[in-house]
Amino acid sequence: MLIVLFILLVNCFFILVSCSENKDITLPDYSGFVNDYTGTISKEWLDKTEIQVRNVEQETKCEIGVAVINSLNGNSIEDYAVKLFEKWGIGKENENNGVLLLVSMKEKELRIEVGYGLEGVVTDIEAGNIINAIIVPRFREENYEAGIYNGVIAISNEINSEYGRELSSYSSDYASVTKVSFSETKAFENMMVSIVVGANVLPWLILGLIIGIPVIRFNIRKRKCPNCKKLKLKIWQKILEKPTFISSGRTEETRLCSFCGFSDVNIKIIPPLQKYKSGGGGSSSHSWSSFSSSGGSHGSSSGGFGGGSSGGGGASGRW
């Protein structure tokens with residue numbers, strides 16, 4: 001009886017918290033892929049990050065949006081990120097292949113929100129690792145420019161790796177890093193610790209299991225050796241032929257098990273590049289179109305989002 005009463009009280013608590021946080025959100029308009037509404041990021045770093053995002057969009061059709069805002073105005077960063085993602089329409093409409101990096105300076109919170117089409121590429125675990133290992137250390141040193149740029153590079157490299165593209169280089173702070181890569185076993189241990197700590201909150205525990213188990217299973221399947229069944233499979237990709245707007249490309253994927261020595265090589269087809277009309281207003285002969293914005297963003301004056309939707313996946317953090 002006491003357990004039932006406790007669960008009811010917990011549910012009531014979260015309902016009250018949810019209601020208290022359900023405040024009106026005034027969402028800014030975008031003027032580029034990368035938007036700073038606070039004046040924190042210099043034009044040099046904004047342009048540098050914008051170029052990186054444009055290259056990813058042109059080569060893979062995936063879209064990365066960046067928003068640096070002053071405050072969440074009492075809203076949770078998760079709720080704000082979903083609503084901003086939907087308003088901007090990050091990702092292509094029929095593919096939902098977008099990612100949003102949201103940074104709120106007043107609350108010192110950030111989030112990587114992922115569209116449906118990229119949830120298997122930028123998983124919740126990988127998004128959390130990018131935040132904790134790449135972005136937050138720079139933010140704690142008040143090096144916001146390098147933090148955002150390297151965060152975008154890390155997201156780009158997850159996408160580039162999936163599409164068989166060459167990986168991008170980090171800024172000098174991370175010159176020795178080639179890709180954010182973490183052991184699935186360690187990730188699973190971290191997840192279990194989080195579950196134990198929050199086990200007294202039943203609704204969040206159930207939600208964590210529903211979301212976490214498929215993510216863990218996906219990563220296990222990807223790294224599981226088909227021969228010995230150990231999680232020792234390493235994967236390399238090499239571009240044999242880059243795709244163009246009129247022809248497909250090819251990538252060579254090599255797999256090697258460090259436990260039993262199993263190896264194989266597969267050739268995968270990369271679909272031709274495509275030109276899209278973007279939802280940012282108007283169209284262009286390029287793979288992005290002109291933005292229009294009434295907000296005071298420092299972003300570039302060109303680029304475009306294609307009307308994608310959020311998948312609800314991703315991760316949040318603080319610095």
Side-chain angles (χ1 to χ4, degrees), residues 30 33-34 52-67 78-102 111-131 151-168 179-180 210-223 235 237 239 243 245 248-249 251 253 268-280 283 286-289 303-316:
Y30 60 73
F33 286 116
V34 184
Q52 172 64 28
V53 174
R54 285 192 187 186
N55 289 338
V56 171
E57 193 275 341
Q58 188 175 30
E59 294 180 358
T60 70
K61 300 181 293 183
C62 299
E63 298 175 355
I64 303 172
V66 179
E78 292 79 12
D79 192 30
Y80 195 106
V82 169
K83 287 183 169 60
L84 187 63
F85 197 113
E86 297 296 328
K87 177 182 179 180
W88 287 5
I90 305 173
K92 304 307 180 189
E93 184 175 5
N94 297 323
E95 300 182 41
N96 298 312
N97 53 352
V99 179
L100 169 66
L101 172 57
L102 172 65
R111 178 167 178 80
I112 295 175
E113 185 75 19
V114 184
Y116 289 105
L118 289 180
E119 286 187 331
V121 178
V122 185
T123 66
D124 294 355
I125 292 174
E126 288 164 339
N129 287 334
I130 292 170
I131 289 174
V152 167
I153 291 293
I155 295 170
S156 301
N157 282 344
E158 294 296 337
I159 296 171
N160 288 336
S161 178
E162 180 71 15
Y163 282 79
R165 314 298 299 181
E166 295 181 4
L167 301 186
S168 302
K179 188 176 185 293
V180 179
I210 292 174
I211 296 175
I213 289 176
V215 173
I216 295 296
R217 291 180 65 186
F218 174 83
N219 282 278
I220 289 176
R221 286 197 302 269
K222 188 175 181 181
R223 300 300 177 183
I235 302 174
Q237 289 184 327
I239 297 176
F245 287 104
S248 300
T251 181
E253 181 182 88
K268 295 186 176 181
I269 302 299
I270 307 174
L273 301 177
Q274 298 183 31
K275 298 179 182 180
Y276 286 86
K277 290 184 178 180
S278 172
S283 62
H286 300 285
S287 56
W288 56 78
S289 66
F305 296 119
S309 300
S310 166
S316 305

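- Among residues two or more places apart in sequence or in another chain, the side-chain contact (heavy atoms from CB on, under 4.5 Å) test is passed with Ser309 by Glu86, Asn96, Tyr116.
- For the pair Val82 and Ser310, the tightest heavy-atom approach, listed with the atom from each and the gap, is CG2-OG, 4.3 Å.
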Exercise. Can you check side chain to side chain contact (heavy atoms under 4.5 Å, CB included) on Leu101 and Ile64, steps first, answer last?
Worked result: CA-CA 8 Å; Leu101 172 57; Ile64 303 172; 5.5 Å; no

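- Remark: Asn97 CG to Glu162 CD distance equals 12.0 Å, nearest 0.5 Å.
- What you find for Val122 and Ala127 is that their closest heavy atoms are CG1-CB, 4.3 Å.
- Leu167 places a side-chain heavy atom less than 4.5 Å from the side chain of Ser161.
- Side-chain contact between Glu158 and Ile155 is absent, with no heavy-atom pair separated by less than 4.5 Å.
- Side-chain contact check for Val56 versus Val53: every heavy-atom pair is 4.5 Å or farther apart.
- Among residues two or more places apart in sequence or in another chain, the side-chain hydrogen bond (donor to acceptor under 3.5 Å, both in side chains) test is passed with Glu78 by Ser316.
- With rounding to the nearest 0.5 Å, the separation of CD1 in Ile153 from CD in Gln52 is 3.5 Å.
- The line from CG of Asn160 to SG of Cys62 is 9.0 Å long, rounded to the nearest 0.5 Å.
- Using a 4.5 Å heavy-atom cutoff, the side chains of Val99 and Leu118 are in contact.
- At least one side-chain heavy atom of Phe33 sits less than 4.5 Å from a side-chain heavy atom of Arg54.
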Problem set entry | Candidate pair Asp79 and Lys83, rule side chain to side chain contact (heavy atoms under 4.5 Å, CB included), full reasoning | CA-CA 6 Å; Asp79 192 30; Lys83 287 183 169 60; 2.7 Å; yes

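- Between Phe305 and Trp88, the angle of the ring planes stays under 30°, which puts this pair in the parallel group of the 30/60° scheme.
- Distance check, rounded to the nearest 0.5 Å: OG1 of Thr60 to NZ of Lys92 gives 9.0 Å.
- Between the CD atom of Glu57 and the CD1 atom of Ile159 there is a distance of 11.0 Å, given to the nearest 0.5 Å.
- Scanning for side-chain contact (heavy atoms from CB on, under 4.5 Å) contacts around Ala81 gives Leu100, Leu102, Arg111, Glu113, with sequence neighbours left out.
- In this structure, the separation between CZ on Arg165 and CG on Asn55 is 10.0 Å, given to the nearest 0.5 Å.
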